[in-house]
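We name chains A, B, ... by the order of the sequence lines, and we start the count at 1 in each one.
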Amino acid sequence: MKNKEIARIFDRIADALEFQGANRFRVVAYRKAARILDDLTEDVSVLAQANKLESLPGIGHAIATKIAEYLSTGTVKKYEEVKKEIPGTLLDLLDIQNLGPKTLALAYKELGVESLKDLKQVIKTGRLEELPQMGKQKVDNIRKGIVLYERAHERLSIAAAEEIAHELIAYLKKETRIKHISAAGSLRRWKETIGDIDILATGPNSRTIITVFTQFPNAERVLAAGTTKSSILVRGGVQVDLRIVNAGSYGAALQYFTGSKAHNIRLRNIAKSKGLKLSEYGVFRGKKQIAGRNERDVYKILGLIYVPPEIREDRGEVELALKNKLPKLVEHRSIRGDLHMHSTYSDSEATIAELATAADAHGYEYILITDHSQSVTYAHGLEPKRLYAQWKEIDRLNKKLRTPHILKGVEVDIRRDGTLDYPDAILKECDFVVAAIHQGFKHKVTERMCRAMQNPYVDIIAHPTGRLISSREGYHIDLHRVMEVAAKTGTWLEINAYWDRLDLNDTNARAAHEQGVSISIGTDAHDIKGIQWMKFGVATARRAWLASKDVVNTYTLKKLRAARKVNRKK
DNA sequence: GCCGTTTTCGGCCCGACTGTTTTCAGTCG
Ligand SMILES: Nc1nc2c(ncn2[C@H]2C[C@H](O)[C@@H](COP(=O)(O)OP(=O)(O)OP(=O)(O)O)O2)c(=O)[nH]1
Ligand SMILES: [Mg+2]
Ligand SMILES: [Mg+2]
Ligand SMILES: [Zn+2]
């Protein structure tokens, strides 16, 4: 699938056009097209073949032609041209904060800046500051940008971001008289990775709040501290932005600061079409504020039903909210159990008893123990003898403990040859069977997975793409084919809730559901703490627009058993 | 470059901060 690489090309074309001083709305058009392609789960070449590219909002004739060109020739002429005109890595410098395309172009033309080294040089000699429209403060800000750029890191995992934000919010609540405080930005939307942590607050003395904020024990460095906003770097160079607003604007500010940017723009356009104006200060009719204290009122007054933060991505939610047709998203409290957990029998630190006790504290009705199968030797996969011993222990525990009900499962390996790592005679005895690929990532994965789904005892395919957010692309796979077969066979596809997997991701889980596939969420817990990853799984399900009925973990155990393909009438 | 229950040209989100701006441009969130 070439979706992502084409998206990247359009983003680079946008950079180049900006650098060359092209019309900024043309630039916006390329960036929008890039975002559309990035969000698209369908293979762009399939759409191109069916002549449907231009039906995507934001993709018109010119861009559709460029997509087709790339698909047939492997290059886009326009992109090759601009690459020739602009020195190799010059545009990479646009990642430096406060250094934009105009300044970079000027520095290139007037001062011959072509690299980071050149840039530092002209800052040192003061020649950058002498350029028109430049000044001491601006150059200073670019210098700070370079410092951040040089210690640039990957986007943060949602788990790490959540932990830092949680700590910081608790600290501010304790040390100041804050009235309202909330995470905002991508964190409040539960995106799988977080660029920076955004926090919004309101309280009696904004100056004090900001001072206390900058004195956070884990703060490594204060980047900015004014009266209404401040930024710090916490351990590891993670940036946290705090914004303080008046209580009367808190709702509108939360709406603004939660984003996404594309969602905000849609909302502001709707306001405009109604003769209103939306900003972080409120909804205005002329000079009069008619909403702003409360976030829900902002949506209401614009004629939209409330849009949960998780789906504010301009992926169709605005249109549906206008028609009051948004699905009622699944909630964490509706989850009755965890359907993917490991015990000390394979490679986990937690015993079955410990998992059960922890799950009980979560109020779960059931948990499914799914240790690795025999050929996954690196994870102590269970040969049948140990599996039977495990089942005996589960029987004992179920007698002893009232809740949760411990279910016998396995995470059976789909072997290189496409067969399963246990015979049907064993799978048949399980309460539920999870199957997954653990080796041969590039070897006929689609075929092997589809074959596994044909097995009547296989209920769930775990981590269907095999990606690791921080480090691994995943399998070579035709996911749409997998979804098709999952729907046909009644196999559930997993949202693996582990924060470095989140697999299926939001857009793919949404596509799976649209193809009629049920989703199961599993934490893949390898210790007690792992049980807590469920929140990321639920958030991903919400980002996939799923309702309770679409997620099998919301079923009672009785209903869950009845929903298995072996128990369903043909 | 895209788009149209204000349609095929003329708009395209809105505000804060900075600079040397005399009415606006660049950068960012
Ligand atoms: N209206 C409007 N809002 C914006 C714009 N840029 C950013 N915002 C709002 C929406 C964002 O979610 C919010 C925080 O900005 P960030 O740059 O931190 O983005 P966000 O947190 O969404 O993603 P991130 O993970 O930090 O990259 O500010 C903009 O150009 N216009
Ligand atoms: Mg952010
Ligand atoms: Mg931010
Ligand atoms: Zn597992």
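The structure places CD of E192(A) at 7.5 Å from OG1 of T540(A), a figure rounded to the nearest 0.5 Å. Rounding to the nearest 0.5 angstrom, the gap separating the CZ atom in R501(A) from the OG1 atom in T465(A) is 8.5 Å.
Across all strands shown, dG10(B) pairs with dC3(B); the Watson-Crick or G-U wobble distances both stay below 3.5 Å.
Atom C1' of nucleotide dT27(B) and atom CZ of R31(A) are separated by 13 Å, given to the nearest angstrom. As rounded to whole Å, 18 Å separates atom P of dG29(B) from atom CD of Q255(A). Put simply, CG on N141(A) is 16 Å from C1' on dA25(B), counting in whole angstrom units. A straight line from CG of N264(A) to P of dC14(B) spans 12 Å, rounded to a whole angstrom. Rounded to an integer number of Å, the gap from OH of Y256(A) to C1' of dC14(B) is 9 Å. Rounded to whole Å, the distance from CG on D314(A) to C1' on dC2(B) is 14 Å. For D241(A) and dA16(B), the CG to C1' distance is 13 Å, given to the nearest whole Å. One atom, CZ of R143(A), and another, P of dT18(B), lie 16 Å apart when rounded to the nearest Å.
Between dG29(B), dC14(B), dG1(B), one nucleotide has an atom nearer to the side chain of K272(A) than all others, and that is dC14(B). The side chain of E280(A) lies closest to dG15(B), out of dG1(B), dG15(B), dG19(B). Of the candidates dC14(B), dG29(B), dC2(B), the closest approach to any side-chain atom of A29(A) belongs to dC2(B). You'll find that the side chain of Q137(A) is closest to dG19(B), out of dC28(B), dG19(B), dC13(B). Of the candidates dG1(B), dC28(B), dG19(B), dG1(B) carries the atom nearest the K66(A) side chain, counting heavy atoms from C-beta on. Among the nucleotides dA16(B), dG29(B), dC14(B), the one closest to the side chain of R243(A) is dA16(B).
Across all strands shown, L267(A) has no heavy atoms under 4.0 Å from either base or sugar-phosphate atoms. Residue contacts for L94(A): at a heavy-atom cut-off of 4.0 Å it reaches no nucleic acid atom on any strand shown. Using a 4.0 Å heavy-atom criterion, one finds that P132(A) contacts no nucleic acid atom at all. Residue contacts for I265(A): at a heavy-atom cut-off of 4.0 Å it reaches a base atom on one of the strands shown. Within the nucleic acid shown, K32(A) has no heavy atom closer than 4.0 Å to any nucleic acid atom. Looking at heavy-atom distances under 4.0 Å, T103(A) makes contact with sugar-phosphate atoms alone, never a base. K138(A) comes within 4.0 angstrom of a nucleotide base, judged by non-hydrogen atoms across all strands. As judged by a 4.0 angstrom heavy-atom cut-off over every strand, N269(A) is placed among residues touching the sugar-phosphate backbone only.
Interface remark: the Y281(A) side chain does not form any donor-acceptor pair with the dG15(B) base, using a distance-only criterion of under 3.5 Å.
Under a 3.5 Å cut-off, the side chain of Y498(A) and the backbone N or O of D503(A) do not form any donor-acceptor pair. Side chain of S55(A) to main chain of K52(A): a donor-acceptor pair is present (N/O by atom type, distance under 3.5 Å, no hydrogens or angles). Side chain of R312(A) to main chain of E317(A): no donor-acceptor pair is present (N/O by atom type, distance under 3.5 Å, no hydrogens or angles).
Applying the salt bridge (Lys or Arg N to Asp or Glu O under 4.0 Å) test between D506(A) and each of R189(A), R543(A), K191(A) identifies R543(A) as the sole match.
dT8(B) and dT20(B) have their C1' atoms separated by 43 Å, with the value rounded to a whole Å.
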